[in-house]
Number of protein chains: 2
Amino acid sequence: MYGPMVDLDPDKVTELAEMLSIMGEPNRLRIILACLETERAVGALAVDLELSPSLVSHHLRLLRAARILKGRRAGKNVFYTAADDHVRSMVTDMTDHVMEASQSDHA
Amino acid sequence: MYGPMVDLDPDKVTELAEMLSIMGEPNRLRIILACLETERAVGALAVDLELSPSLVSHHLRLLRAARILKGRRAGKNVFYTAADDHVRSMVTDMTDHVMEASQSDHA
DNA sequence: TAAATATATGAACAATTGTTCATATATAAG
DNA sequence: CTTATATATGAACAATTGTTCATATATTTA
C-alpha cells in the first residue's frame with residue numbers, strides 16, 4: 001500500500017505536467033541525460049547527439065525556462081548542466097525506474 | 001554529487017521519453033492522479049475532471065497501452081487504477097518532488 | 001576593425017497530438 | 001427482443017509543437 005490518496009493542488013499538477021512534457025521529448029531527454037552530471041557545451045551536445053546546433057539551442061531555451069538546465073558562458077561557449085540537485089535526483093529516480101522496470105518485465 | 005555518469009541505453013531513453021510525454025499531458029496526468037490509489041470508473045473520472053467520457057476513454061486507451069493504468073470490467077463499468085506498484089511509486093516520487101520543489105523555492 | 005567561431009532567435013513549415021462528434025460495442029434491465 | 005446505460009472507437013478538425021533555414025548577437029583572435 002502506498003499513500004492514502006493523491007490530492008495534489010491544481011497548480012502543482014500543471015507544473016508537474018509541464019515538466020514532464022518538456023522532459024518527454026526524446027531529443028530533449030537525451031540532452032538532459034547528456035549534461036546531467038557534467039557540463040556540456042552546445043556544440044558538443046549537437047555533435048554527440050547528431051542534431052543541428054540550432055535545434056539544440058531551441059531545446060535548451062525551453063529547458064532553461066523550465067529551470068531544468070542552467071547555462072554558464074565561458075568565452076565563446078555556453079556550458080549547460082542540471083539546474084540543481086533536485087532536478088538531478090528527480091531524473092536519476094526516473095532512470096532508476098526504467099531500469100528496474102526492464103528487470104521485472106513479465107511481458 | 002550523484003552518480004558518475006548517466007549512460008542509459010537508447011531503447012530505455014525512448015521508453016522513458018514515451019512514458020514522460022504520455023504522463024505530461026495535463027488531463028492525462030489528472031486522470032492518473034485520480035485513480036492512482038483507488039479504482040475509478042470512466043464515467044466517474046469524466047464527471048470529477050469535467051471532461052467528456054469520450055475524451056477520458058481516448059486518454060485511458062493511451063494510458064493502458066503504455067501500461068500506466070489497467071482496467072477491470074465490472075458489469076457496465078470499467079474501473080481503472082495504476083497498472084502496478086512500480087507505476088505507483090514512480091508517480092508518487094514525482095509528486096513528492098514537485099512538493100519539495102515548492103518548499104525550497106528561492107525564486 | 002574585420003574575420004572567425006559559438007550560440008541564440010524568429011519566421012515558416014511539417015508533423016504530431018488533443019479534442020469533438022457520430023457511431024459502435026458491451027452489459028444489464030424491462 | 002428492445003431499451004437504457006457505460007465505455008470504446010474512427011474520422012475529421014483544431015491546436016500545439018518540433019524542425020529547418022536565414023539571420024542576429026556575443027566573444028575571441030588576426
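Below, read A as the first sequence line, B as the second, and so on, with proteins coming before strands; counting in each chain starts at 1.
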Asks: If you look at every strand shown and take non-hydrogen atoms under 4.0 Å, does Y80(B) touch a base, only sugar-phosphate, or nothing?
Replies: sugar-phosphate
Asks: Taking atom P of dT19(C) as reference, at what distance in whole Å does atom CG of L49(B) sit?
Replies: 12 Å
Asks: Can you measure E25(B) atom CD to dA15(D) atom P for me and round it to whole angstrom units?
Replies: 15 Å
Asks: Could you give the CG-to-P distance, from L63(B) to dT7(D), as a whole number of Å?
Replies: 16 Å
Asks: Want to settle it: does V56(A) or A74(B) sit nearer the 5' end of DNA chain C, counting the closest nucleotide to each?
Replies: V56(A)
Asks: Let's test your reading of the model: under 3.5 Å, does the base of dC21(C) pair with the side chain of S52(B) as donor and acceptor?
Replies: no
Asks: Tell me whether R30(B) is salt-bridged to D48(B), with the criterion being a basic N under 4.0 Å from an acidic carboxylate O.
Replies: no
Asks: Assuming nearest nucleotide by heavy-atom distance, tell me which of S57(A) and S21(B) is located more 5' along DNA chain C.
Replies: S57(A)
Asks: With heavy-atom distances below 4.5 Å as the criterion, would you say the side chains of M99(A) and L8(B) are in contact?
Replies: yes
Asks: Check the phosphate of dA6(D) against R73(B), side-chain N and O only, distance under 4.0 Å to OP1 or OP2. Yes or no?
Replies: no
Asks: Starting at the 5' end of DNA chain D and moving along, which residue's nearest nucleotide shows up first, K76(A) or L51(A)?
Replies: L51(A)
Asks: Take atom CG of L45(A) and atom P of dA6(C), then tell me their distance rounded to the nearest Å.
Replies: 14 Å
Asks: Answer with yes or no whether the hydrophobic clustering places I68(A) together with L49(A); edges join I, L, V, M, F, W, Y residues whose side-chain heavy atoms lie under 4.5 Å apart.
Replies: yes
Asks: Would Y80(A) and R64(A) count as a side chain to side chain donor-acceptor pair (under 3.5 Å) here? Give the steps.
Replies: CA-CA 9 Å; Y80(A) 282 88; R64(A) 238 187 301 118; 3.1 Å; yes
Asks: From CD of E18(A) over to C1' of dT17(D), roughly how many Å is that when rounded to an integer?
Replies: 14 Å
Asks: If only atom types and distance count, is the side chain of S21(A) paired as donor or acceptor with the main-chain N or O of S21(B) below 3.5 Å?
Replies: no
Asks: Rounding to an integer number of Å, can you tell me how far R72(A) CZ sits from dA6(C) P?
Replies: 17 Å
Asks: From CG of L62(B) over to C1' of dT19(C), roughly how many Å is that when rounded to an integer?
Replies: 12 Å
Asks: Does N77(A) place a side-chain N or O at less than 4.0 Å from the phosphate oxygens OP1/OP2 of dT28(D)?
Replies: no
Asks: Within the pair H58(B) and dG10(D), is there a side-chain N or O less than 4.0 Å away from OP1 or OP2?
Replies: no
Asks: Check the distance between dA6(C)'s P and F79(A)'s CZ and give it to me in whole angstrom.
Replies: 11 Å
Asks: Within the structure, does a side-chain N or O atom of H59(A) lie under 4.0 Å from either OP1 or OP2 of dT19(D)?
Replies: yes
Asks: Phosphate oxygens OP1/OP2 of dT7(D): is one of them under 4.0 Å from a side-chain N or O of R61(B)?
Replies: no
Asks: Do S54(B) and dT9(D) share a donor-acceptor pair, side chain to base, under 3.5 Å?
Replies: yes
Asks: Among the nucleotides dA8(C), dG18(D), dT19(C), which one has an atom lying closest to any side-chain atom of L55(B)?
Replies: dT19(C)
